[in-house]
Amino acid sequence: MEETDRILELREELHRHNYQYYVLNAPLISDQDFDMLMHELQNLEARHPEMFDPNSPSQRVGSDLSQDFQQVTHRYPMLSLANTYNREDVADFYQRVKDGLGGAGFDICCELKFDGLSISVTYENGALSRAVTRGDGVQGDDVTNNIRTIRSIPLRLNPNQSWPKSFEVRGEVLMPWASFDRLNSERELRGEQLFANPRNAASGTLKSKNSTVVAERGLDAYFYYLLGEELPSDNHFDNISMLGRWGFKVSDAMRRVSSLDGIYEFIDYWDKERSHLPVATDGCVLKVNSLAQQQELGMTAKNPRWAIAYKFQAEKACTRLNNVVFQVGRTGAVTPVAEMEPVLLAGTVVKRASLHNADIMKSFQLHYGDYVYVEKAGEIIPQIVGVDESRRCIEGQIIPFTSVCPECGTPLVRYEGEAASYCPNDVSCPPQIKGKIEHFISRDAMNIEFLGPETVDEYYNRNLIRDAADLYSLQVGQLCGADGSKLKSARKIVESIQKSVTVPFDRSLYALGIRFVGKVVAKALAKHFRTLDALQKASLEELLEVDGVGKIIAESVIRYFRDDRNRMLIGKLEMAGVVFEISEEDGPLSDVLSGKSVVISGVFKNHSREEYKDMIEKYGGKNVSSISSKTSFVLAGDNMGPAKLQKAQSLGVSIISEEEFLEMIKE
């Protein structure tokens, strides 16, 4: 497989895993496996700058945004930390800090990395003002009402303490093991699905629309970062100690060390002792203590240079393998899943574990009755990592990888260069049909609210829908329940479906789910051809003329439109009123930004970042994510990233304020 093809494949896979992890809270792979895929993509993209895509997973921070809450822009962006899993990387981090500070002395704060949901809480005049989830790092969900129910979070601070008039404190919302076990016991008695781990339970609870439910579930929170204009100290350790005196729950495990050996001692100690903690942890966080030195070291586009997360090695257990079953994903990929005797692992009982694909399964030469080693990579996803051959029963049979789809019986295929086996029957294989519908209704596509995977599954099982176009035939009477108990939600669903026909052409094109056609490519194709009819008739040479479209994408588009079944779906969607063309009103308002490449950075007052991106395109400009000598100017809001500021200044790129930009386009 060519490297450019691998880039497209990795982007698609990482987008899917980001959605599973941050939106559905149902991760399919471990943190370590995800990081390995991301590192591979970053390395390939560095070798192929011509493949740049601002919507690549490497250009963004994952998101946990929900449509059920108001979204709020963070005053200070909540960047993620770079992850490492070995001592060598820790030593490299330590040396980078040392070099970055020019050999000056420095301390490192060693802290536990709690496995929960990141939260930012603002206090004004000693009272809790607002609580916002991390979201995509730039904006998050306002969950203030739910946060108020967590008893360990102070609503008002002691007036006798000397705290700043306004400050922001960041931490992790957690579900303690005791609360987790109690909650799952109650759900089991009611016949409800159990939570996989405390992190998922905490996330699901905090996103509940009913704050009473949140109050009942016994959430907790630890705080580890203080932000504001008037901080009590110029170093991190003392600020967090002060938080504890103000009434916030902070970990007493935090240590300030001045050597690499001190870091290793902290890691080694807590790698063993963490099993005795009341909450889940999955590693340590290492931060430069001095705030001035933090500022001197600065940030990369996605991570601070002054901090790193060290992940503990996964806990391992041995248990008996009973069977292997096969699951089909929405792309048709077939995944083998081991069914085992229950075993306690990282605080939860594990009965099933992923085997990933046919090659990995074959490498273990699994027999019925084998004793297998299971670990929780990232303490979330159980996976088999080995076999105890000394305990193998000689009468046990080798477990074969299936040759047909377990859902529809179609013979599986394996494409050159692919590790996964696929069911090619994307027309009548239920998981694939439902997956395509879920993609169609997603926010970035048709944005049909009040529908989710569970609802799609229900409608499919009731034979109400067989493809995305069937959504537009749904009636309130079909969805409201026999007793009319779901009347209100049924009306909302039908209204949202009907409203979706007005989304612009680039999004309806993206919603079709053409392989390798992401949001950016869909927008480029829509802008170039203007109508779906023109796109369907385009030759390979005409498609290759579109900015960002290579041979792989062009051939995928041609294959899609050659399929009679896809053309029938499009016909049904057109009859339902879905827009598949750019109207004259959607054209550029003027060419004032024609030929200009613009980078957006910072937090804005008058419009959101997405609104400014739309304006740039409306006035003939082009959005780019990184600064280069070809950048026309940077549209800068408050808290512009220091790395981007430095690069813009070094290249002589103009920095335009929000007000100057609006004056430029006369809006």
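Since this is a predicted model, take the numbers as computed values, not measurements.
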A.B. asks: Taking the side chain as every heavy atom from C-beta outward, state whether Phe312 and Cys284 have any atom pair closer than 4.5 Å.
C.D. replies: yes

A.B. asks: Between the side chain of His74 and the main-chain N/O of Thr133, is any donor-acceptor distance below 3.5 Å?
C.D. replies: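 Between the backbone of Thr133 and the side chain of His74 there is a qualifying donor-acceptor contact (under 3.5 Å).
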
A.B. asks: Would you say Asn43's side chain and His39's backbone share a donor-acceptor pair under 3.5 angstrom?
C.D. replies: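 Judged by distance alone, yes, a pair lies under 3.5 Å.
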
A.B. asks: Just so I know, are the side chains of Leu14 and Met38 near enough to count as touching, which here means a heavy-atom distance under 4.5 Å?
C.D. replies: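 Heavy-atom side-chain distance check passes, below 4.5 Å.
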
A.B. asks: For Glu124 and Thr122, run side-chain contact (heavy atoms from CB on, under 4.5 Å): C-alpha distance rounded to whole Å, both residues' side-chain angles, the deciding distance at 0.1 Å, then the answer.
C.D. replies: CA-CA 7 Å; Glu124 302 286 350; Thr122 302; 3.7 Å; yes

A.B. asks: State which residues pass salt bridge (charged side-chain N to carboxylate O under 4.0 Å, His left out) with Arg75; sequence neighbours excluded, sorted by chain then number.
C.D. replies: Glu229

A.B. asks: Would Asp444 and Ser442 count as having a side-chain donor-acceptor pair, cut-off 3.5 Å?
C.D. replies: no

A.B. asks: To the nearest 0.5 Å, how far apart are CD1 in Ile655 and CD in Glu660?
C.D. replies: 10.5 Å

A.B. asks: Taking Asn289 for its side chain and Cys109 for its backbone only, find out whether a donor-acceptor pair lies under 3.5 Å.
C.D. replies: no

A.B. asks: When the ring planes of Phe114 and Tyr222 are compared, do they come out parallel, tilted or perpendicular, using 30° and 60° as the limits?
C.D. replies: parallel

A.B. asks: Assess, by modelled atom type and distance only, whether the side chains of Gln383 and Ser354 contain a donor and an acceptor separated by less than 3.5 Å.
C.D. replies: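 Result is no, nothing qualifies.
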
A.B. asks: Within a strict 4.5 Å, meaning less than it, do heavy atoms of the Leu635 and Val599 side chains meet?
C.D. replies: no

A.B. asks: Give the intermediate values and the outcome of ring-ring contact (aromatic ring centres under 6.0 Å, His included) for residues Phe93 and Trp306.
C.D. replies: CA-CA 9 Å; Phe93 162 73; Trp306 45 265; 9.5 Å; no

A.B. asks: What I want to find out is whether Asp141 reaches Lys207 closely enough, with some N-O distance under 4.0 Å, to be called a salt bridge.
C.D. replies: yes

A.B. asks: Using a 4.5 Å cut-off on heavy atoms from C-beta on, say whether the side chain of Tyr612 contacts that of Leu662.
C.D. replies: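 Side chain of Leu662 against side chain of Tyr612, heavy atoms only: contact under 4.5 Å found.
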
A.B. asks: State the CG-CG distance between Leu10 and Leu37, to the nearest 0.5 angstrom.
C.D. replies: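 If we round to the nearest 0.5 Å, Leu10:CG and Leu37:CG are 6.0 Å apart.
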
A.B. asks: Going by atom types only, do Thr455 and Glu458 share a side-chain donor-acceptor pair under 3.5 Å?
C.D. replies: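 No, because no side-chain N or O of Thr455 sits under 3.5 Å from a partner of the opposite role on Glu458.
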
A.B. asks: Identify the heavy atoms of Ser233 and Asn235 that sit nearest to each other, and give their distance.
C.D. replies: OG-ND2, 3.0 Å

A.B. asks: What heavy-atom pair brings Ala127 and Arg156 nearest, and what distance separates the two atoms?
C.D. replies: CB-NH1, 3.6 Å

A.B. asks: Rounded at 0.5 Å granularity, tell me how far CD1 in Ile627 sits from NZ in Lys647.
C.D. replies: 7.0 Å

A.B. asks: Could you give the distance from CD (Gln498) to CD1 (Ile493), rounded to the nearest 0.5 Å?
C.D. replies: 12.5 Å

A.B. asks: Any sub-3.5 Å donor-acceptor pair from Lys523's side-chain atoms to Asp506's backbone N or O?
C.D. replies: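 The answer is no, because no donor-acceptor pair under 3.5 Å joins these two groups.
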
A.B. asks: Donor-acceptor check, side chain of Gln294 to backbone of Val288, threshold 3.5 angstrom: yes or no?
C.D. replies: yes

A.B. asks: Under the 3.5 angstrom rule, does the side chain of Ser241 hit a backbone N or O of Phe237 as a donor-acceptor pair?
C.D. replies: yes

A.B. asks: Whether the side chain of Asn303 engages the backbone of Ser80 through a donor-acceptor N/O pair (distance < 3.5 Å, no angle test) should be reported.
C.D. replies: yes

A.B. asks: Please confirm whether the backbone N or O of Ala131 pairs with a side-chain atom of Thr144, one donor and one acceptor, at under 3.5 Å?
C.D. replies: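 Indeed, once roles are kept as given, a pair shorter than 3.5 Å links the two residues.
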
A.B. asks: Pick from Met254, Lys287, His236, Lys113: which one makes a side-chain contact (heavy atoms from CB on, under 4.5 Å) with Tyr224?
C.D. replies: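 Output: one option passes, namely Lys287.
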
A.B. asks: If you look at every heavy atom in Leu451 and Ile448, which pair is closest and at what distance?
C.D. replies: CD1-CG2, 3.6 Å

A.B. asks: Looking at Arg11 and Glu45, is there a salt bridge between them, counting it only when a charged N and a carboxylate O are closer than 4.0 Å?
C.D. replies: yes

A.B. asks: Starting from the C-alpha separation in whole Å, work towards a yes-or-no answer on side-chain contact (heavy atoms from CB on, under 4.5 Å) for Arg182 and Ser179.
C.D. replies: CA-CA 5 Å; Arg182 174 180 55 79; Ser179 299; 4.2 Å; yes

A.B. asks: Please give me the minimum heavy-atom distance between Gly228 and Tyr76, naming the atom from each residue.
C.D. replies: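 In this case the closest contact between Gly228 and Tyr76 is CA-OH, 3.8 Å.
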
A.B. asks: Between Phe661 and Phe633, what is the ring plane arrangement, given parallel below 30°, perpendicular above 60°, and tilted in between?
C.D. replies: tilted

A.B. asks: Set out, in order, the CA-CA distance, both residues' side-chain angles and the distance that settles side-chain contact (heavy atoms from CB on, under 4.5 Å) for Ile108 and Cys110, then state yes or no.
C.D. replies: CA-CA 6 Å; Ile108 294 289; Cys110 302; 4.2 Å; yes

A.B. asks: Considering all heavy atoms of both residues, which atom of Ala648 and which atom of Val634 are nearest to each other, and what is their separation?
C.D. replies: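 Result for this residue pair: CB-CG2, 4.3 Å.
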
A.B. asks: Report yes if some heavy atom in the side chain of Ile616 is under 4.5 Å from a heavy atom in the side chain of Ile600; otherwise report no.
C.D. replies: yes

A.B. asks: Could you walk me through whether Asp220 and Ser152 pass the side-chain hydrogen bond (donor to acceptor under 3.5 Å, both in side chains) check?
C.D. replies: CA-CA 6 Å; Asp220 202 350; Ser152 57; 2.7 Å; yes

A.B. asks: Is it true that, when you exclude Arg491 itself, more than 12 heavy atoms of the residues, nucleotides or ligands shown sit nearer than 6.0 Å to its CZ?
C.D. replies: no

A.B. asks: Measuring only between side-chain heavy atoms, which start at C-beta, is Glu617 closer than 4.5 Å to Lys622?
C.D. replies: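 A side-chain contact is absent here, since even the closest heavy-atom pair is not under 4.5 Å.
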
A.B. asks: Would you indicate whether the side-chain heavy atoms of Leu219 and Leu174 approach each other to under 4.5 Å?
C.D. replies: no

A.B. asks: Using side-chain contact (heavy atoms from CB on, under 4.5 Å) as the criterion, point out the one residue from Val132, Asp142, Ile153 that pairs with Ile147.
C.D. replies: Ile153

A.B. asks: Within the side chain of Ser597, is there an N or O that forms a donor-acceptor pair under 3.5 Å with the backbone of Thr631?
C.D. replies: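 Flag not set: sc Ser597 to bb Thr631 has no pair under 3.5 Å.
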
A.B. asks: Give a yes or no on whether Gln295 atom CD has more than 12 heavy-atom contacts from other residues, nucleotides or ligands under 6.0 Å away.
C.D. replies: no

A.B. asks: According to the interplanar angle, ranging from 0 to 90°, do the rings of Tyr123 and Phe167 count as parallel (below 30°), tilted (30 to 60°) or perpendicular (above 60°)?
C.D. replies: parallel

A.B. asks: Between Arg274 and Thr281, is any side-chain donor less than 3.5 angstrom from a side-chain acceptor?
C.D. replies: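 No donor-acceptor contact under 3.5 Å links the two side chains.
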
A.B. asks: By the definition side-chain contact (heavy atoms from CB on, under 4.5 Å), identify the one residue from Ile308, Val285, Leu286 that meets it with Leu81.
C.D. replies: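 Exactly one candidate clears the test, Val285.
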
A.B. asks: When you check the side-chain N and O atoms of Tyr225 and Glu168, is any donor under 3.5 Å from an acceptor?
C.D. replies: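 Judged by distance alone, the side chains do not pair up.
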
A.B. asks: Return yes if some donor-acceptor pair links the side-chain N/O of Arg507 with the main-chain N/O of Ala445 below 3.5 Å, else return no.
C.D. replies: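 A pair under 3.5 Å: yes.
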
A.B. asks: Looking only at non-hydrogen atoms, find the nearest pair between Pro198 and Trp177 and report the distance.
C.D. replies: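 Closest approach of Pro198 to Trp177: CG-CZ3, 3.4 Å.
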
A.B. asks: To the nearest 0.5 Å, tell me how far Phe505 CZ sits from Tyr510 OH.
C.D. replies: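 Answer for the CZ-OH pair, Phe505 versus Tyr510, is 15.5 Å.
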
A.B. asks: Would you say Trp246 and Pro232 make side-chain contact, with heavy atoms under 4.5 Å?
C.D. replies: yes

A.B. asks: Evaluate the criterion side-chain contact (heavy atoms from CB on, under 4.5 Å) for residue pair Leu117 and Thr205; output intermediate values, then yes/no.
C.D. replies: CA-CA 10 Å; Leu117 188 72; Thr205 299; over 6 Å; no

A.B. asks: So, taking the atom named CD1 in Ile441 and the one named OG in Ser500, what distance separates them when rounded to the nearest 0.5 Å?
C.D. replies: 10.0 Å

